[in-house]
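Everything below concerns the one structure shown next.
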Amino acid sequence: MRALIVTAVPAERDAVVRGIRDAGAFEGVERALPGAPGYARHRLALPVTGASDALTLEALDADVLAAGVGPAASAAATGSALATATADGLPYDLVVSAGIGGGFGVAPAIPPAGTESTGTESTGTGSTGTASPGAGQAAARPVGLALAAVVVADAIVAADLGAETPDGFAAVTDLGFGTIRHLPPAHLVRAAAEATGGVRGSVLTVSTVTGSAERAAELMARHPGAVAEAMEGFGVAEAATAYGVPVLEIRTVSNAVGPRDRAAWRIDAALAALSGAFDALARALPRAMAENGAPTDPAGTARGSSALHEAASDAAAGDGPT
């Protein structure tokens with residue numbers, strides 16, 4: 001399975017790379033997209049251990065890309081990567097928007113002294129003291145989301161794409177244009193949630209991070225199934241949909257959606273959880289794709305072979321990160 005994983009910032013990209021590397025992947029060097037030198041793909045490849053032919057659909061060939069913050073930046077970078085892959089004859093089977101994000105309806109964590117962390121703008125969650133589900137036990141809705149819980153989007157929603165009217169907010173679809181919602185494949189959502197112990201629900205994409213209780217309540221009223229907000233998922237999904245590629249969104253929570261309280265943010269914990277999630281997903285997602293009739297065109301093995309050999313060669317030559 002050939003996957004494009006898109007994050008906003010390098011700290012999130014590095015967390016994803018660590019997780020896939022921990023699963024046993026070969027690691028290649030970063031390479032700029034041809035014609036778009038501002039975007040660098042970090043290549044990883046994970047063969048199927050013990051298979052008679054390790055270069056099968058269940059092998060993972062992943063490019064991880066830090067696209068920038070917000071839906072416009074994420075759509076531009078994702079579109080560039082998809083166009084390059086298609087032109088090269090190496091199309092992706094799956095696109096994943098990944099990173100940390102904010103949780104709805106949870107109380108901020110009480111911060112231990114000296115633990116404030118910085119490095120990326122977050123819209124994440126705190127803890128109510130209730131443990132998050134364990135691996136293999138997917139929760140349907142966030143009953144007491146814990147700090148660093150994994151969220152798997154069953155809908156990727158543009159929450160502020162529309163117009164203000166005298167009667168309140170009108171989504172762009174109410175105005176007769178476009179869409180505000182992309183639905184990831186149900187079998188991949190289920191597989192990701194089961195592999196990570198993640199919570200399933202809508203993840204909202206916003207261009208302005210929520211900073212008040214009133215705004216959080218307004219979003220929850222409009223989107224009662226929402227579990228998290230972030231800033232890139234819808235942009236990634238728009239680009240993936242334009243190329244006919246299925247899309248997922250995976251988030252780990254770091255603070256509460258609502259009044260901004262930097263002292264309660266837990267970015268380091270959320271990034272560590274993101275690594276753990278992709279350690280599990282590196283095996284689970286290719287397996288789920290293979291079990292549910294993902295494309296098995298004759299070029300599939302060649303696509304995996306190219307990436308695996310490239311990454312392995314980089315590692316053997318000492319070109320890749322260690």
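Sequence positions, counted from 1, serve as the residue numbers for this chain.
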* To do: From the options Leu271, Ile5, Val6, select the one residue that forms a side chain to side chain contact (heavy atoms under 4.5 Å, CB included) with Glu12.
  => Leu271
* To do: For Thr165, check side chain to side chain contact (heavy atoms under 4.5 Å, CB included) against everything at least two apart and list the hits.
  => Asp167, Ala170
* Asked: Can you check whether Leu65 reaches His42 side chain to side chain, under 4.5 Å on heavy atoms?
  -> no
* To do: Mind jotting down which residue pairs meet the ring pair (Phe, Tyr, Trp, His ring centres under 6.0 Å) criterion with at least one end in residues 236-260? Sequence neighbours excluded, please.
  => none
* Asked: Side-chain contact, heavy-atom cut-off 4.5 Å: Val151 with Arg200?
  -> no
* **salt bridge (charged side-chain N to carboxylate O under 4.0 Å, His left out) pairs, two or more places apart, involving residues 62-84** => Arg2-Asp63, Arg43-Asp63
* Under the side chain to side chain contact (heavy atoms under 4.5 Å, CB included) test, residues paired with Ala66 that sit two or more places apart -> Thr7, Pro10, Arg13
* Asked: Does Leu248 reach the side chain of Val189, with side-chain heavy atoms less than 4.5 Å apart?
  -> yes
Please output the side-chain donor-acceptor pairs of residues 78-88 that fall under 3.5 Å, not counting sequence neighbours, one pair per line with the distance.
residue	atom	partner	partner atom	Å
Thr78	OG1	Ser74	O	2.7
Ser80	OG	Ala76	O	3.0
Thr84	OG1	Ser80	O	2.9
Thr86	OG1	Leu82	O	2.9

* Asked: For residues 207-238, which residue pairs qualify under ring pair (Phe, Tyr, Trp, His ring centres under 6.0 Å), counting only residues two or more places apart or in two chains?
  -> His182-Phe234
* Counting only heavy atoms not in Phe177, do more than 12 sit closer than 6.0 Å to its CZ atom? -> no
* Structure fact -> So OG1 of Thr208 and CE of Met231: to nearest 0.5 Å the spacing works out to 6.5 Å
* Student check: side-chain heavy atoms of Val150 and Val253 closer than 4.5 Å -> no
* To do: Any chance you could measure Arg21, atom CZ, to Asp14, atom CG, to the nearest 0.5 Å?
  => 9.0 Å
* **Results of side-chain hydrogen bond (donor to acceptor under 3.5 Å, both in side chains) for Glu218 - residues two or more places apart only** => Arg222
* To do: Check for a donor-acceptor pair, side chain of Arg251 on one end and backbone N or O of Ile100 on the other, with a separation under 3.5 Å.
  => yes
* **Interatomic distance, Leu60 atom CG to Arg283 atom CZ [nearest 0.5 angstrom]** => 8.5 Å
* Contacts of type side-chain hydrogen bond (donor to acceptor under 3.5 Å, both in side chains), residue Thr205, not counting sequence neighbours -> none
* **Partner residues of Ala192 under the side chain to side chain contact (heavy atoms under 4.5 Å, CB included) criterion, sequence neighbours left out** => Val152, Ile250, Leu281, Leu285
* What distance separates Ser202 OG from Glu229 CD, expressed to the nearest 0.5 Å? -> 13.0 Å
* **Side chains of Phe26 and Leu44 in contact at under 4.5 Å (non-hydrogen atoms)** => no
* Less than 4.5 Å apart, any side-chain heavy atom of Ile156 and any of Pro184? -> yes
* Main-chain N/O of Arg18 paired with Ser275 side-chain donor or acceptor, under 3.5 Å -> no
* To do: With rounding to the nearest 0.5 Å, note down the distance linking CD1 in Ile180 to CG in Leu161.
  => 8.0 Å
* Asked: Would you call Phe104 and Leu204 a side-chain contact if the rule is heavy atoms closer than 4.5 Å?
  -> yes
* **Contacts of type side chain to side chain contact (heavy atoms under 4.5 Å, CB included), residue Ala216, not counting sequence neighbours** => Thr210, Val257
* Considering only heavy atoms from C-beta outward, does the side chain of Leu94 approach that of Leu4 to under 4.5 Å? -> no
* Calculate, to the nearest 0.5 Å, the distance between atoms CE and CE belonging to Met1 and Met289 respectively. => 6.0 Å
